[in-house]
Amino acid sequence: MKNIAFIVNGKISFQGRLKRQIHRAFPNDYKITIYVTEPDVNGITLTSRAINEGSTHIICVGGDGTLNEVANGVMESRKTLSEGDSNNLRMGVLPHGTGNDFAKSINVKFNLTELKERIDQDQFNVIDLGLVKFQNLSGHDASRYFINIVDVGIGGIVSKRVNKSPKWIGAFAAYQLAIIRSLISYRHQAIKASADTKIYTGRVLNYIVANGKYFGSGLGIAPDARPDDGMFALVIIGKVSLGFYLKSLSDIKKSKHIKHPHVFYEEAREVNIESEKPLPIDMDGEYVGNTPMRVRMVEKAIRFIR
């Protein structure tokens with residue numbers, strides 16, 4: 001009997017219907033447990049609890065922020081598992097959030113029938129994660145895994161604005177309004193980014209370390225990113241105007257390379273970013289803290305259902 005835990009973002013409005021759908025999709029020969037996040041009980045805690053209680057398949061129901069929490073819970077729990085139990089652990093996603101960008105990167109949709117088939121057939125890819133060391137919102141040293149994208153600069157400002165947006169406006173519109181407002185007011189900041197492949201020194205709008213292609217609710221900012229190739233795709237955005245962004249929006253949504261003298265594409269396994277003053281860090285769609293920031297590739301970290 002497969003032991004499956006669903007970690008559900010507590011902000012989802014149709015929880016009753018969702019629970020009924022899950023139980024219909026997975027009949028009595030599956031053990032199903034549904035955990036719902038609360039303001040003081042996040043996905044990290046619930047994932048650890050589920051694994052400690054014997055769950056072997058952890059399914060995130062939510063957006064990129066909840067997915068980040070579940071991934072961190074999986075990585076934390078694996079420290080206490082035997083090698084065999086760790087290898088049997090699977091993680092998956094039913095995307096339903098403000099941003100579902102990692103799910104878009106790996107082409108996974110909210111479909112319980114497809115999820116059940118993939119679980120039954122044990123279909124998965126072994127994906128990479130990034131481990132980030134940074135200053136948290138309290139100014140203390142912190143470390144955390146990311147699954148999709150971490151960036152320094154305007155991204156943290158955008159995330160804060162999106163999280164304050166009314167839900168009725170819709171995810172893409174919320175991100176676009178937040179990006180436009182931020183581009184109008186944000187000033188390019190001086191950084192030194194020391195990657196294991198190349199050192200960049202200069203002023204940036206955003207310095208992006210990508211494991212997945214998309215962020216900002218469907219913006220394909222990192223066309224070269226793959227979550228299973230052992231490398232980060234780096235996107236360095238320098239002096240780019242609001243007008244150029246609006247002109248390029250169609251190509252960005254299609255995850256095409258942008259041709260601009262101040263946009264650069266690189267790759268690396270490690271990056272250390274220093275700045276003249278603390279700069280905001282956006283991690284998987286959430287403002288988590290500030291620079292300095294060090295990022296390290298964690299290759300083949302999680303067996304992800306897809």
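Please read all numbers here as calculations on a predicted model, not as lab measurements. For reference, positions follow the sequence shown, starting with 1.
- The two atoms that bring Pro227 and Ile106 nearest to each other are CG-CG2, 4.0 Å, heavy atoms only.
- Considering Leu67, Leu46, Val93 as possible partners of Ile7, the one that fulfils the side-chain contact (heavy atoms from CB on, under 4.5 Å) test is Leu46.
- Note on Lys192 versus Glu274: no salt bridge recorded, every NZ/NE/NH1/NH2 to OD/OE distance being 4.0 Å or above.
- Checking side-chain atoms of Asn100 against main-chain N and O of His96 turns up a donor-acceptor pair under 3.5 Å.
- Between the side chains of Arg144 and Asn68, at least one donor N or O lies within less than 3.5 Å of an accepting N or O.
- No side-chain donor-acceptor contact under 3.5 Å links Ser248 to the backbone of Tyr245.
- In this structure the side chain of Met231 reaches within 4.5 angstrom of the side chain of Arg269, judged on heavy atoms.
- How far CE of Met293 is from CD1 of Ile191: 8.5 Å, rounded to the nearest 0.5 Å.
- Atom CG of Asn9 and atom CG of Leu94 lie 13.0 Å apart (nearest 0.5 Å).
- Summarising the geometry of Thr291 relative to Lys277, their closest heavy-atom pair is OG1-O, 3.8 Å, with the distance given to 0.1 Å.
- Linking ILVMFWY residues whenever their side-chain heavy atoms come closer than 4.5 Å, directly or via other members, places Ile157 and Leu219 in the same cluster.
- Using a 4.5 Å heavy-atom cutoff, the side chains of Asp229 and Phe232 are not in contact.
- A donor-acceptor contact shorter than 3.5 Å is absent between the side chain of Asp64 and the backbone of Gly285.
- By the neighbour-count criterion of 12 heavy atoms within 6.0 Å, atom CZ of Arg294 is sparsely surrounded, having that number or fewer from other residues, nucleotides or ligands.
- Geometrically, Lys253 engages Phe172 in a cation-pi contact defined by less than 6.0 Å to the ring centre and at most 45° from the axis.
- Hydrophobic clustering, with ILVMFWY side chains joined whenever heavy atoms are under 4.5 angstrom apart, keeps Met1 apart from Leu115.
- At a threshold of 4.5 Å between non-hydrogen side-chain atoms, the residues Ile236 and Lys198 do not count as touching.
- Using a 4.5 Å heavy-atom cutoff, the side chains of Val158 and Tyr175 are in contact.
- Smallest separation of non-hydrogen atoms from Leu18 and Val61: CD2-CG1, 3.8 Å.
- The ring of Phe26 has its center closer than 6.0 angstrom to the ring center of Phe6.
- Closest approach of Ala174 and Val162 over heavy atoms only: O-CG2, 3.9 Å.
- Under the 4.5 Å side-chain contact rule for hydrophobic residues, Phe124 and Val70 do not share a cluster.
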Carefully, step by step, assess Ile180 and Leu242 under the rule side-chain contact (heavy atoms from CB on, under 4.5 Å). CA-CA 7 Å; Ile180 290 169; Leu242 172 59; 4.0 Å; yes
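- Separating the CD1 atom in Ile302 from the CG atom in Leu89 is a distance of 8.0 Å, to the nearest 0.5 Å.
- A donor-acceptor contact shorter than 3.5 Å is absent between the side chain of Glu38 and the backbone of Gly10.
- More than 12 heavy atoms of other residues, nucleotides or ligands sit less than 6.0 Å from atom CD of Gln121.
- Between the side chains of Asp120 and Tyr30, at least one donor N or O sits under 3.5 Å from an acceptor N or O.
- Looking at Ser55, its side chain never comes within 3.5 Å of a backbone N or O of Ile51 through a donor-acceptor pair.
- Side chain to side chain, Asp282 and Ser159 meet the donor-acceptor criterion of an N or O pair below 3.5 Å.
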What's the verdict on side-chain contact (heavy atoms from CB on, under 4.5 Å) for Asp151 and Ile281, showing C-alpha distance, side-chain angles and the deciding distance? CA-CA 6 Å; Asp151 60 88; Ile281 296 171; over 6 Å; no
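- For His188 (side chain) and Gly238 (main-chain N/O), a donor-acceptor pair under 3.5 Å exists by modelled atom type.
- The shortest distance between side-chain heavy atoms of Asn125 and Lys300 does not fall below 4.5 Å.
- Aromatic ring pairs are classed by plane angle as parallel below 30°, tilted from 30° to 60° and perpendicular above 60°; the pair Tyr207 and Tyr200 is tilted.
- Here Ser241 contributes atom OG and Ile184 contributes atom CD1; the two are 11.5 Å apart, rounded to the nearest 0.5 Å.
- In this structure, Gly212 and Ala222 approach most closely via the heavy-atom pair O-CB, 3.9 Å.
- The nearest pair of heavy atoms linking Gly43 to Thr37 is N-CG2, 3.8 Å.
- At least one side-chain heavy atom of Arg161 sits under 4.5 Å from a side-chain heavy atom of Ser182.
- Ser138 places no side-chain N or O within donor-acceptor distance of the main-chain N or O of His140, the cut-off being under 3.5 Å.
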What do the steps show when you test Ser194 against Val271 for side-chain contact (heavy atoms from CB on, under 4.5 Å), and what is the final call? CA-CA 6 Å; Ser194 303; Val271 187; over 6 Å; no
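- Aromatic ring pairs are classed by plane angle as parallel below 30°, tilted from 30° to 60° and perpendicular above 60°; the pair His262 and His260 is tilted.
- A donor-acceptor pair is defined here as one N or O able to donate and one able to accept, closer than 3.5 Å; no such pair exists between the side chain of Asn3 and the backbone of Thr56.
- A chain of hydrophobic side-chain contacts below 4.5 Å, direct or via other Ile, Leu, Val, Met, Phe, Trp or Tyr residues, connects Ile221 to Leu279.
- Of the inter-residue distances, the one linking Ile154 atom CD1 with Ile208 atom CD1 reads 10.0 Å to the nearest 0.5 angstrom.
- Using a 4.5 Å cut-off on side-chain heavy atoms (C-beta onward), Ile305 and His57 make contact.
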Checking Asn206 against Phe215 for the side-chain contact (heavy atoms from CB on, under 4.5 Å) test, could you report, in this order, the C-alpha distance in whole Å, the side-chain angles of both residues, the deciding distance, and whether it holds? CA-CA 13 Å; Asn206 220 15; Phe215 78 164; 4.2 Å; yes
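- Comment: Arg90 engages Asp122 in a salt bridge, judged by a side-chain N to carboxylate O separation of less than 4.0 angstrom.
- No continuous path of ILVMFWY side-chain contacts below 4.5 Å connects Val288 to Leu137, so the two sit in separate hydrophobic clusters.
- Rounding to the nearest 0.5 Å places CG of Asp224 at 8.0 Å from CD of Glu267.
- For Tyr265 (side chain) and Ile258 (main-chain N/O), a donor-acceptor pair under 3.5 Å exists by modelled atom type.
- Under the 4.5 Å side-chain criterion, counting only non-hydrogen atoms from C-beta, Tyr214 is in contact with Ser255.
- With hydrogens and angles disregarded, no donor-acceptor distance shorter than 3.5 Å links the side chain of Lys104 to the backbone of Gly218.
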Verdict with supporting geometry, Asp284 and Tyr145, side chain to side chain donor-acceptor pair (under 3.5 Å): CA-CA 10 Å; Asp284 292 340; Tyr145 294 95; over 6 Å; no
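- Aromatic ring orientation, Phe304 versus Phe102: perpendicular (interplanar angle above 60°, classes split at 30° and 60°).
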